[in-house]
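Just below is one structure, and these are the notes that go with it.
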Amino acid sequence: MEGKKLINGKSIDLGVCYYPEHWDKSLWPEDLDRMLEAGLKTVRIAEFAWNLVEPREGEYTYAFFDDFLNLAREKGMHVIFCTPTATPPAWLTEKYPEALNADLEGNLICHGSRRHYNYNSPVYRRFSRNITEKIASHYGPHPAVIGWQLDNEFNCENDLFYSESDTVAFRDFLKKRYKTLEALNRAWGTVFWNQTYTDWQEIHVPRKTNTNSVNPHLELDYYRFVSDSVCSFAGEQAEIIRKYCKEGDFITTNGVFGNLDYQRLRRESLDVLMYDSYPNFAYCLDDYQKEDSMKDRKWSRNLAEVRAVSPNFGIMEQQSGANGWNTRMEAPSPRPGQLTLWTMQSIAHGADYVSYFRWRTCTFGTEIYWHGILDYSGRENRRLQEVRQVSGKLEKLQEIAGAKYLAKVGILRDYDNIFDCRVDRWHDRVERVSRESLFTALQQAHVPFDYVYLESHETAESLKQYEVLFYPHGSILTKERMEILEAYVSAGGKLVMGCRTGYKDMNGKCVMDCLPGLAASVTGTDIPEYSFVAPDEGKIMADWDGALMEAAVFNDILAPVGETSKVLAVYTSGPYAGSPALIRNRFGRGEAYYFGGAFALDTAAVFLEKLGVAEPWKDVMELPAGCELAVREKSGKCYLFVLNYLSEPASIFLRKELRDLLEGCAISGTVRLQPYGVKVLECPVQQGCAADFEKCF
Ligand code: GLA
């Protein structure tokens, strides 16, 4: 990223999404002046504006954005330009309907909303390359342009594709993967229900079937195929842009959606990933859940996902007003202070660029209620004042630019298991519970954590930084991944695995090994029996030295194997009462834990406590449950962000004197945070880490 014009470790910047085409040109100069005055120095433009460059097939006109870019240059505004492929024009889809996506029954999706195309139509690929070439070659050299956004939110609205072109491309994808039909038939177990293929033409993307299920191994490959399609579509655009963009201009895309391997997308096509952060979804009328204590704080989990792709990332769209389409997602305006809180939440998690969505609220179209900083009139308002205050605050936080998020706990993920959860409800049920409760328990115990994608050799090297790694339900295991994990544990790490580990291969087929399959050796565990928790059994509990924990959803009944393996907890209720529920195996210099259930909230909290990673900053400060602690580290200094998500004031207690960056003074003792208040405190780097790693990676 060195040399890039944003997110380069030198500054933390603000920007805004702007739609020049939504406003009379006469408004542009004043809009840009007001943005700059508020500290918004970059605009993102043009992601839906295909017709303004190619109004009819093969006819090009550049004047509209030339005028805007020239004005931006004159004013000193930077621009992120987009490829407009999220909304193919009506002239295109009418003449070439094969560019459209189709539903499960093969009916074409109609023009009229957005993201209505499929990635594999050769015709659409040609148009996508062509418009990218035209836009990149014409606008790329413009001095106002500093970066590029590919498309808009790949796989948003819909991450399933069933067009004829998808079926054709799926066959090619499978030919590359399996080479022969015999190999494919074996991999998919097509002998079951007489699904054997005798010709590649017989294979289709999932279709409507009698039981509404398709072969699960086909479906797993289908999700991989969708991801592959996006990566290849994006890759073509990135390659074209790289030919024309200026030295230092970056390529990004926005959002995190389903059926897409973002690690690969970043590796092949992006300099950095940006996220669209709308914490106000937590207050939407249709899914406001009173029992969920995390609400907008859950966006920290999404930000951890983004950080797993780009350690320092950007927010392309940061909520600045009420949510809402005319058809869905009704949520209130951010309350005073929340706009600041959510901006700081992003920065606390590693964002070095935050761009608000959007400048002025649109007066027409589906998003008339998706408010920007300004309302329809554009008059001065409270939210713009708050943006100004945020820019003032950021002036004081510039030294944090490029700082790394500091976490000693990691949660391992990989796309094979993520996609398998789409296919397999048994897998998804355990994963869902553990994902929610691990996050909540980590938040409540103020433990900063990372998601870590187990995908390459670099992972092994970087795992050393974590004292504890959870790999909750890696049902699909591979030898390569187990080698990385075994190296981590034998070098001194602590690995925690949950029920349903290791029972599938890469095709999603069940292995015939004794479970937990490839994880048996590191965990010193055997699983003679297993079962879903029956609905009439209530909560199945396990006892770990007096700490009671729920073994939720599913129970693996365990047996220790070998001298290094020890039973730490037994089931105390249900049909397996008295049988082992948790085993610890000493392996090399480290320890692996196998727990027989999914991690309920109390269970996750017990693990954090017993493994010694709860409240890692307790020597420095005491925090109430309603506050999040996020930590960034750079050049021997830690920056502790304390975020109060509550509408009431909160008090923290500082055991040490720390520098309050926003106030510019040293503070200690009891410190009060305003409702939705944020403190950023500087502290020398904490010394020592419980894990004692050998240099064996
Ligand atoms: C997304 C999109 C924007 C806009 C907002 C609000 O994140 O990228 O174009 O539609 O949501 O819906």
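Treat the numbers as computed from the prediction; the structure is a model and nothing was measured. Remember, it's 1-based here, ligands and their atoms both numbered in the order they're listed. Atoms considered below: every heavy atom in the structure, side chains included; atoms not considered: hydrogens, waters and symmetry mates.
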With heavy-atom distances below 4.0 Å as the criterion, list the atoms of ligand 1 near [X].
| X | value |
| --- | --- |
| Glu153 | 1 (C), 2 (C), 7 (O), 8 (O) |
| Phe48 | 9 (O) |
| Glu367 | 4 (C), 5 (C), 6 (C), 10 (O), 12 (O) |
| Asn152 | 2 (C), 8 (O), 9 (O) |
| Trp325 | 12 (O) |

Pairing donors with acceptors under 3.5 angstrom, does anything connect the side chains of [X] and [Y]?
| X | Y | value |
| --- | --- | --- |
| Thr343 | Tyr356 | yes |
| Glu98 | Ser165 | no |
| His22 | Arg358 | yes |

Tell me whether the centres of the aromatic rings in Tyr244 and Trp148 are closer together than 6.0 Å. no

Counting distance only, does the side-chain N/O of Arg413 pair as donor-acceptor with the main-chain N or O of Ile418 below 3.5 Å?
-> no

Fill in: Steps toward side chain to side chain contact (heavy atoms under 4.5 Å, CB included) verdict (Leu160, Tyr223)
CA-CA 8 Å; Leu160 299 169; Tyr223 295 130; 3.7 Å; yes

The closest protein heavy-atom partner of atom 8 (O) of ligand 1 is Glu317 OE2, 2.6 Å

- Query: Looking at ligand 1, does Arg114 have a heavy atom less than 4.0 Å from it?
  - Reply: yes

